[in-house]
A.B. asks: 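Shown below is the structure under consideration.
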Amino acid sequence: MTNAAVDTDVLIVGAGPVGMTLALALAAGDGLRVTLLDRRPRGAYANDPRALALAHGTRQLLAALGAWNAAAGTAIHDIHVSQRGGFGRTQITREEMAVEALGYVMRYRDLAAALDARLPGDALLDRAELRALQVGGAAATATIRRDGAEVTLRARLVVHAEGTPAADADVTVSDYRQHAVLAEVRPQPAHGHRAWERFTPDGPLALLPLGDDYSVVFTVPPEKADALLAMDDTAFLAALQRQFGPRVAFTATSPRARYPLALRLRRQLTAPRQVWIGNTAQTLHPVSGQGFNLGIRDAWELAQALLAGPADAGDAALLARYARGRQFDRRGSVAFTDGIVRAFSNDIAPLRMARGLGLLALDLCPPARRFVAGRMIWGARAWP
Ligand SMILES: Cc1cc2nc3c(=O)[nH]c(=O)nc-3n(C[C@H](O)[C@H](O)[C@H](O)COP(=O)(O)OP(=O)(O)OC[C@H]3O[C@@H](n4cnc5c(N)ncnc54)[C@H](O)[C@@H]3O)c2cc1C
C-alpha cells in the first residue's frame, strides 16, 4: 500500500497526558505522520481535580520533550510511611537516594497544559470521538464523529490512549471497594516537602506536598466516601484529622472530588494494527503513585520502537516486540500497587503485626528500603 492510500501513519486516540506524550515523542522523528484526537474540547483538562506524584524518571522524560514545567511541580524531599493503630514506620529521604528530589507533585491540569503547549497548533483534533474501527490487511479505518458528522480516517496503526476502560471481555476488573476522596488542605506547620503515606483499615491516606498545601488522597469504602462528600469543611477537616492523627494539623480545605478505585487490566496490549497504552492498558490503584509514571514509559517505549522501526508503523513484529518489552515493567507495577493495597487495607490483628514487622524491617534494612524507593523513583529500573 502506498503512503497516499492512508491518511496518517499513527492515529492516537485520546489526548490525555499519555497520548500527548506519545505525540510529542514521535514529533522528534520526521518520517511518521501522526494524528491525535480527543473527544473533549481542547483544554478540558483544566477541570481535572487530581494531583499526581511524578517520579524522578518521569521528570527526565518530560524534560527531554521540553514539557517539564518546573514552576508547577513541588519537590518531595522525604516520604514517611506508617500504619494507623499499629507499630512500625519507615522514612525514605532524598539524601539516602542521592537525588535532588524523590519525586514531584503536580496538578494533572498543569501537566496536561505543559504537554499541550508543546503540540503544534493543528496537531490535535478535538471534539472528535472514535466511534468504530475496522482493521483490513494494510490499514485500520477509524470512524470518527465530529460536530455531528462522521468521517473516516485510514491509519497504519491506531494507538489507544483513551484512559480508564469500561468493563468488556478484553479487560479484567477487580473492584477494590474503595473510593479516593480528593482535596487540597492547608497544613500547620508548613509541609517542609514531606509526603506521608499512612495505611488505615479503610485504605491508604496520602498527603502530597503541593505549593503551600497538601494534596490529599483519602481512600475509604464507598459509603464513607458518600459521608465525606456530604460534610461541610469543618466536619471534613475533623474526619481527616482523626484518620491521619495529630502530627500535622489541617486548617482549611478546597472542595472535594471522588474516584471509585478498581484494578483494570487489558488482557492483550496489541491486536492487528492496534496497541493500548496508559490507563486504557492498565488502570491501577493510586497508592504509591504509579499509574501515569507507568503510562509515560509505555508512550516513550512505543515512540522509540516506532521511530526505529520499519516504514509500516503497524508492523506485526514491531508490535509484538513492544508488547513483550512492556511486560516486566507492567507486571512489576501492578504487583507492587495491588500487593500494597491488599496487604494494608484490613484490620486483622496478625496482619497488622506482620505489617508492622515489614515496616520495621524496611526501616532497619537500607537495601530493602532503597529498593522500594527505587521503584517509586525509577519504576522497573529499580530491579537489579
Ligand atoms: C485519585 C487518583 C490519583 C492518582 N495519582 C497518581 C499519581 O500520584 N501518580 C501517577 O503516576 N498516577 C496517578 N494516577 C493515575 C493517573 O491519573 C493516570 O494514570 C493518567 O491520568 C492516565 O493518563 P491517560 O492519558 O492514559 O488517560 P486519561 O488522563 O484518562 O486521558 C484519556 C483521554 O482520552 C480521551 N478519550 C476517551 N475516549 C475517547 C474516544 N473514544 N475518542 C476520543 N478521545 C477519547 C478522553 O477525553 C481523555 O482526554 C492517579 C489517578 C487517580 C484516579
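Whatever order the structure lists ligands and atoms in, that order sets their numbers, starting from 1. This chain uses plain numbering: 1 for the first residue, then up along the sequence.
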A.B. asks: Please report which non-hydrogen protein atom sits nearest to atom 4 (C) of ligand 1, along with the residue it belongs to and the distance in Å to one decimal place.
C.D. replies: Pro286 CB, 3.7 Å

A.B. asks: Minimum distance, heavy atoms only, to atom 46 (C) of ligand 1: which one of Val18, Asp38, Asp126 is it?
C.D. replies: Asp38

A.B. asks: Could you tell me the residue and atom name of the protein heavy atom closest to atom 26 (O) of ligand 1, and the distance to it rounded to 0.1 Å?
C.D. replies: Asn279 N, 3.0 Å

A.B. asks: If hydrogens are left out, which of Met106, Arg40, Glu162 has an atom nearest to atom 32 (C) of ligand 1, that is, the closest non-hydrogen atom?
C.D. replies: Glu162

A.B. asks: What residue and heavy atom of the protein are closest to atom 34 (O) of ligand 1, and at what distance?
C.D. replies: Gly14 CA, 3.2 Å

A.B. asks: Nearest protein heavy atom to atom 17 (O) of ligand 1, by residue and atom, and its distance?
C.D. replies: Arg50 NH1, 2.7 Å

A.B. asks: Report the nearest protein non-hydrogen atom to atom 44 (N) of ligand 1: residue, atom name, distance rounded to 0.1 Å.
C.D. replies: Arg39 N, 3.1 Å

A.B. asks: Would you mind reporting whether Val185 and Pro187 have side-chain heavy atoms less than 4.5 Å apart?
C.D. replies: no

A.B. asks: Look at atom 21 (O) of ligand 1 and find which of Phe218, Tyr259, Tyr108 reaches it with the closest heavy atom.
C.D. replies: Tyr108

A.B. asks: What is the closest protein heavy atom to atom 31 (O) of ligand 1, and at what distance does it sit?
C.D. replies: Gly16 CA, 3.4 Å

A.B. asks: Kindly indicate whether the side chain of Gln304, heavy atoms from C-beta on, has any atom under 4.5 Å from the side chain of Tyr322.
C.D. replies: no

A.B. asks: Return the residue, atom name and 0.1 Å-rounded distance of the protein heavy atom closest to atom 10 (C) of ligand 1.
C.D. replies: Phe292 N, 3.3 Å

A.B. asks: Would you call Ala161 a ligand 1 contact, heavy-atom distance under 4.0 Å?
C.D. replies: yes

A.B. asks: Among all protein heavy atoms, pick the one closest to atom 27 (O) of ligand 1 and tell me residue, atom and distance.
C.D. replies: Gly163 CA, 3.4 Å

A.B. asks: Walk me through whether Gln282 and Arg330 qualify under side-chain hydrogen bond (donor to acceptor under 3.5 Å, both in side chains).
C.D. replies: CA-CA 8 Å; Gln282 64 272 318; Arg330 181 178 196 240; 2.8 Å; yes

A.B. asks: Is a salt bridge present between Arg154 and Asp7, judged by a nitrogen-to-oxygen distance below 4.0 Å?
C.D. replies: no

A.B. asks: Of Ala51, Gly295, Ala53, which has the heavy atom at the shortest distance from atom 9 (N) of ligand 1?
C.D. replies: Ala53

A.B. asks: Pick out which of Asp233, Asp232, Asp226 makes a salt bridge (charged side-chain N to carboxylate O under 4.0 Å, His left out) with Arg256.
C.D. replies: Asp233

A.B. asks: Determine whether any heavy atom of Ala112 lies closer than 4.0 Å to an atom of ligand 1.
C.D. replies: no

A.B. asks: Which of these, Asp48, Leu52, Ile12, has its nearest heavy atom closest to atom 50 (C) of ligand 1?
C.D. replies: Leu52

A.B. asks: Heavy-atom pairs closer than 4.0 Å: do any link ligand 1 to the side chain of Leu261, the backbone, both, or neither?
C.D. replies: neither

A.B. asks: Show me the pairs that pass salt bridge (charged side-chain N to carboxylate O under 4.0 Å, His left out) and involve residues 42-58, at least two apart or across chains.
C.D. replies: Arg42-Asp116, Asp48-Arg50

A.B. asks: Tell me whether Tyr45 reaches ligand 1 (any heavy atom closer than 4.0 angstrom to a ligand atom).
C.D. replies: no

A.B. asks: Would you check if the distance from the ring center of Tyr176 to the ring center of His285 is below 6.0 Å?
C.D. replies: yes

A.B. asks: Look at ligand 1 and say whether Leu182 reaches it with a heavy atom at a distance under 4.0 Å.
C.D. replies: yes

A.B. asks: Mind checking the OG1-CG spacing from Thr8 to Leu32? Nearest 0.5 Å is all I need.
C.D. replies: 8.5 Å

A.B. asks: Counting heavy atoms only, which of Leu130, Val287, Val217 is nearest atom 42 (N) of ligand 1?
C.D. replies: Leu130

A.B. asks: Examine the proximity of ligand 1 to Ala44 and report which part, side chain or backbone, both or neither, has a heavy atom under 4.0 Å away.
C.D. replies: neither

A.B. asks: Please list all pairs meeting salt bridge (charged side-chain N to carboxylate O under 4.0 Å, His left out) that have one or both residues in residues 178-194, counting only residues at least two apart or in different chains.
C.D. replies: Asp78-Arg194, Arg107-Glu184, Arg186-Asp213

A.B. asks: Would you say the ring centroid of Tyr108 lies under 6.0 angstrom from that of Phe292?
C.D. replies: no

